[in-house]
Amino acid sequence: MGTLALDTESVGTDIYHTLGLKDLGKGTVGSPKILSLIGRLLEKSVQKNEMLLDTIKTKDVTIFHGLRAPTISIQQYIDRIFKYGACSPSCFVIAHIYMDRFLQKTDGHLTSLNVHRLLITSVMVAAKFIDDAFFNNAYYARVGGVSTAEMNRMELKFLFSLDFRLQVNVETFHKFCSQLGKEAAEGLQIDRPIQACKIKENWSSKGDAACVPTIAR
């Protein structure tokens, strides 16, 4: 288990309270704010990508691509995973960082055809890594609206693409949350690639390339 402990001594925790990452359930009504911020960020990335990819007519088909875009919106899908998956809010932050790593590693792009499958896969992997309790793949498959066999294949592809590098340090986590907090205060004026909020994190291995995408991931 790779539980991510928030170091309240070394970093400020106001942003965690604001985003709903701390003390959830103590007088909190509805979903934590972090979910809507991530949803809006992903929606904007998908919209930007599809406009750009349409102009260059790039076909980018992977195991995560469906034949057609789901009728459920990204935000509704995130809310569904949070409600039925019983994942901690921090899982969605970690999942977003995992998605960013995956897209960098595979040179992929978020679109309406793959964002939902990438979401359920990344959240499931994050829950298994940082949460104290989690469900099996069959359950997450039902929550995500895919078959168990498909869920298993996506998990394997996702993990191997990440080289099983699932650790996220506290500094990276905090910087990502801080950037989201700033953007929320400014009305989420995001006009940049999905690159974990331009955070260059320090991975354990040497020689990791810096994030320099030309199309929003």
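Small disclaimer: the values here were computed from a predicted structure and weren't measured.
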Separation between CG (Asn136) and CE (Met151), nearest 0.5 Å, reads 11.5 Å
Does the side chain of Lys128 come under 3.5 Å of the side chain of Asn137 through a donor N or O and an acceptor N or O?
-> yes
Could you check Ile34 against Val93 for side chain to side chain contact (heavy atoms under 4.5 Å, CB included), going step by step and ending with a plain yes or no?
-> CA-CA 8 Å; Ile34 188 71; Val93 177; 3.8 Å; yes
Please say whether more than 12 non-hydrogen atoms of neighbouring residues, nucleotides or ligands are located less than 6.0 Å from CZ in Phe160.
-> no
How close do Leu103 and Leu118 get, heavy atom to heavy atom, and via which atoms?
-> CD2-CD1, 4.3 Å
Got Ile94 and Val125 here, is their nearest side-chain heavy-atom distance under 4.5 Å?
-> no
Can you tell me how far OG1 of Thr71 sits from CD of Gln76, rounded to the nearest 0.5 angstrom?
-> 8.0 Å
Do Phe173 and Ser178 touch side chain to side chain, with heavy atoms closer than 4.5 Å?
-> no
Do the side chains of Val123 and Tyr98 get nearer than 4.5 Å, heavy atoms only?
-> no
Gap separating the CG atom of Leu110 from the CD atom of Gln47, nearest 0.5 angstrom = 12.0 Å
State, to 0.1 Å, how close Cys91 and Ala126 come at their nearest heavy-atom pair, and which atoms those are.
-> O-CB, 3.6 Å
Measure across Gln167 and Phe129 and return the closest heavy-atom pair with its distance rounded to 0.1 Å.
-> OE1-CZ, 3.6 Å
Distance-only donor-acceptor check, side chains Ser36 and Gln75, under 3.5 Å = no
Is a side-chain N or O of Tyr140 found less than 3.5 angstrom from the main chain of Phe135, in a donor-acceptor match?
-> yes
Output, in order, the C-alpha distance, side-chain angles, deciding distance and verdict of side chain to side chain contact (heavy atoms under 4.5 Å, CB included) for Lys157 and Thr62.
-> CA-CA 10 Å; Lys157 175 63 176 177; Thr62 70; 6.0 Å; no
Do Ile81 and Phe92 have side-chain heavy atoms sitting under 4.5 Å apart?
-> yes
pair Lys48-Leu52: side-chain heavy atoms closer than 4.5 Å | yes
Do Phe82 and Pro32 come within less than 4.5 Å of each other through their side chains, counting heavy atoms only?
-> yes
Check: Tyr139 and Arg142 side chains under 4.5 Å, non-hydrogen atoms | yes
Of all heavy-atom pairs between Lys105 and Asp163, which one has the smallest distance, and what is that distance?
-> NZ-OD2, 3.4 Å
Give the ring-plane orientation class for Phe64 versus Phe102, where under 30° counts as parallel, over 60° as perpendicular and anything between as tilted.
-> perpendicular
Between the side chain of Glu43 and the main-chain N/O of Ile74, is any donor-acceptor distance below 3.5 Å?
-> yes
What's the shortest heavy-atom distance between Arg117 and Ile63, and which atoms?
-> CD-O, 4.3 Å
Could you grab the distance from atom CD1 of Ile120 to atom CD of Glu150, nearest 0.5 Å is fine?
-> 11.5 Å
4.5 Å side-chain heavy-atom contact, His109 and Glu50 | no
Do the side chain of Arg80 and the main chain of Val143 share a donor and acceptor less than 3.5 angstrom apart?
-> yes
Determine, using the 4.5 Å side-chain heavy-atom cutoff (strictly less than), whether Ile72 and Leu113 are members of one ILVMFWY cluster.
-> no
Heavy-atom pair with the smallest gap, counting every atom of Pro70 and Ser112 = CD-O, 3.5 Å
Rounded to the nearest 0.5 Å, what's the gap from CD1 on Ile38 to OG on Ser45? Could you check?
-> 11.5 Å
Nearest 0.5 Å, what's the SG-CG distance between Cys87 and Leu35?
-> 10.0 Å
Go through the steps for Leu166 and Leu162 under the test side chain to side chain contact (heavy atoms under 4.5 Å, CB included), then give the verdict.
-> CA-CA 8 Å; Leu166 302 180; Leu162 295 182; 3.9 Å; yes
Residue pair Ser88 / Asp131, side-chain donor-acceptor N/O under 3.5 Å | yes
